[in-house]
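Below, read A as the first sequence line, B as the second, and so on, with proteins coming before strands; counting in each chain starts at 1. Small disclaimer: the values here were computed from a predicted structure and weren't measured.
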Amino acid sequence: MPELPEVEVTRRLLAPHVIGRVIHSVRCGPPSYFFLTPPRRLAAALGGQKIVSLERQGKYLLMGLGDGQRVLLHLGMTGQLFMAGAVSPRLMRVADHAGLSGSPPTRDRHTHLELEFEDGPPGLRFRDVRKFGKVRLLAPGQGDPRLDKLGVDALQADGEQLFSAARKRSAPIKTLLLDQGVLAGVGNIYADEALFMTGIRPTRGARRVSRKECLLLAENVQRVLTRSIETGGSSISDFVAPDGQDGQFQNERQVYAREGEACGRCAATIVRVVIGQRSSHYCPRCQR
DNA sequence: CGTTACACCTGAGGGC
DNA sequence: TGCCCTCAGGTGTAAC
């Protein structure tokens, strides 16, 4: 579900609600694919800690704790981080399922992490239906191979650097954009949208993209991500911002999940192809 | 090293 | 209604 804009919107909305607060109690779901650090160890380490920072690297969030430990978080495809009790029609549905409204509360099997604070509600919740999300505790000074592999943050996409990466690749340009080691934060929606804005067909081999096009592409990656952050991200199926508001960027999509619809620029029919096992959408007339 | 297929997990929606 | 299929915003790993 979440790409860089959704993660950044989550970070910005969450930060004022959690930074400076002290964790009073922790409830974790059972051990699963989701927990890189075993839940019992995680719960023990978080209790009594103050949250001092919340940063983003690509699609990862890093929560800094008072004693120098950090919590690495990834939302995967269906992860939702939010303050308990946030209100919106959409979140009410989540809350109903999650047992966060009404009484007595029924435990939601998809909420894997619940933090309560010493100064009272609202607590922080991490819900993730598919469990592709991740949580890992990092000791003070400890790094993580996932973070080490990340390329430049996509909000700082650099055209020259993109071009030099593209020269070495025979894979489609779309695959290059999705490579987190090249540009950290771009996912399926924004790769398609940036390629549309630049007039490049996602299937084109990366090494057939000119320097000039790479410069433009990097600019458009920044532009589309920035615009999406401004509109609160994309809420296509289940992204809910921590304040309970839906993002609005899905209303500005030009190609993603618009197969069969008319291109907004030339009225040709948007097509869908599969690249690297991911759906890709483009306008066959505007994109070459 | 680069590329590709597949696995991980759950739910929604379409066709019959 | 039930069943079976495909699809979903991601990423780690194995094999060529």
Side-chain angles (χ1 to χ4, degrees), chain A residues 1-10 29-36 56-61 72-81 90 93-94 96-98 108-112 127-136 144-151 154 164-194 202-203 205-207 221 224-225 228-229 231-241 246-253 255-260 272-281:
Chain A
M1 145 201 146
E3 304 181 32
L4 185 151
E6 292 74 34
V7 177
E8 178 61 17
V9 167
T10 296
S32 71
Y33 192 69
F34 175 85
F35 287 102
L36 295 176
R56 181 190 58 75
Q57 285 185 43
K59 301 175 194 172
Y60 289 90
L61 285 175
L72 180 65
L73 303 161
H74 195 287
L75 299 179
M77 290 279 270
T78 51
Q80 301 170 314
L81 265 178
R90 160 165 245 129
R93 268 177 271 133
V94 173
D96 287 342
H97 288 288
D108 165 37
R109 47 190 289 254
H110 299 306
T111 299
H112 307 110
R127 185 169 191 269
D128 183 5
V129 170
R130 291 178 74 183
K131 296 198 281 273
F132 289 169
K134 294 282 174 282
V135 54
R136 183 188 178 192
D144 184 283
R146 296 163 184 77
L147 296 178
D148 296 339
K149 275 189 236 164
L150 296 180
S164 74
R167 304 228 62 174
K168 306 166 196 155
R169 304 281 199 110
S170 62
I173 183 67
K174 164 91 182 264
T175 302
L176 187 74
L177 288 182
L178 291 178
D179 185 339
Q180 302 300 295
V182 175
L183 276 182
V186 177
N188 212 26
I189 297 178
Y190 302 106
D192 280 5
E193 295 297 323
T203 50
R207 69 169 61 130
V221 164
V224 71
L225 296 178
S228 181
I229 291 169
T231 61
S234 297
S235 297
I236 289 177
S237 70
D238 50 5
F239 173 65
V240 184
D246 283 0
Q248 293 301 131
F249 187 79
Q250 68 277 13
N251 301 323
E252 301 190 16
R253 279 171 306 144
V255 288
Y256 181 80
R258 292 198 58 216
E259 179 187 16
R272 170 184 175 274
V273 296
V274 174
I275 301 172
Q277 290 82 238
R278 313 293 304 276
S279 277
S280 300
H281 316 76

(request) Give one of base, sugar-phosphate or nothing for A/Gln277, where a contact means two heavy atoms less than 4.0 Å apart. (result) base

(message) I'd like to know whether A/Asp179 forms a side-chain contact (heavy atoms from CB on, under 4.5 Å) with A/Leu183, so could you lay out the CA-CA distance, the side-chain angles of the two residues, the decisive distance to 0.1 Å, and finally the verdict.
(response) CA-CA 6 Å; A/Asp179 185 339; A/Leu183 276 182; over 6 Å; no

(request) Rounded off to whole Å, could you give me the CZ-to-P distance for the A/Phe132 and C/dG10 pair? (result) 11 Å

(message) I want to check one thing: is the phosphate of B/dC1, taken as OP1 and OP2, less than 4.0 Å away from some side-chain N or O of A/Lys168?
(response) no

(message) Return the pairing partner of B/dC9 with a 3.5 Å limit on both distances, Watson-Crick or G-U wobble; otherwise return none.
(response) none

(request) Assign A/Ser170 to base, sugar-phosphate, or nothing according to its heavy-atom contacts below 4.0 angstrom with the strands shown. (result) sugar-phosphate

(request) Under 4.0 Å between any heavy atoms, over every strand shown, what does A/Lys134 touch: base, sugar-phosphate, or nothing? Just pick one. (result) nothing

(message) At less than 4.0 Å, is any side-chain N or O atom of A/Arg130 found next to OP1 or OP2 of B/dC8? Yes or no.
(response) no

Pull out every protein N or O sitting under 3.5 Å from an N or O of nucleotides 12-16 of chain C, one pair per line with the distance.
unit_1 : atom_1 : unit_2  : atom_2 : d
C/dG12 : OP1    : A/Tyr60 : OH     : 3.3

(request) Look at the side chain of A/Glu6 and the backbone N and O of A/Ser234, then say whether any donor-acceptor pair between them is shorter than 3.5 Å. (result) yes

(request) Determine the contact category for A/Arg278: base if any of its heavy atoms lies under 4.0 Å from a base atom, sugar-phosphate if only primed atoms, P, OP1 or OP2 are that close, otherwise nothing. (result) base

(request) Determine, for A/Asp192 against A/Arg253, whether the closest basic-nitrogen to carboxylate-oxygen distance falls under 4.0 angstrom. (result) no

(message) Whether A/His110 contacts B/dC9 is assessed here as follows: a side-chain N or O lying under 4.0 Å from the phosphate OP1 or OP2. Is that the case?
(response) no

(request) Check every strand shown and say whether A/Ser279 touches a base, only sugar-phosphate, or nothing at a heavy-atom separation below 4.0 Å. (result) sugar-phosphate

(message) Side chain of A/Ala171, heavy atoms from C-beta onward: which of B/dT4, B/dT10, C/dG10 has the nearest atom to it?
(response) B/dT4

(request) Check whether any side-chain N or O of A/His74 sits under 4.0 Å from OP1 or OP2 of C/dG10, and answer yes or no. (result) no

(message) Angle between ring planes, A/His74 versus A/Tyr60, binned at 30° and 60°: parallel, tilted or perpendicular?
(response) perpendicular

(request) Kindly state whether the ring of A/Tyr256 and the ring of A/Phe249 have centres lying under 6.0 angstrom apart. (result) no

(message) Taking the nucleotide of DNA chain C with the nearest heavy atom to each, does A/Val186 or A/Arg272 sit closer to the 5' end?
(response) A/Arg272

(message) Would you measure the distance from the P atom in B/dC9 across to the matching atom in C/dC3 and give it in whole Å?
(response) 23 Å

(request) Determine whether the side chains of A/Ser32 and A/Lys131 contain a donor N or O and an acceptor N or O closer than 3.5 Å. (result) no

(message) side-chain contact (heavy atoms from CB on, under 4.5 Å) for A/Arg169 and A/Arg207? Distances and angles first, verdict last.
(response) CA-CA 6 Å; A/Arg169 304 281 199 110; A/Arg207 69 169 61 130; 5.9 Å; no

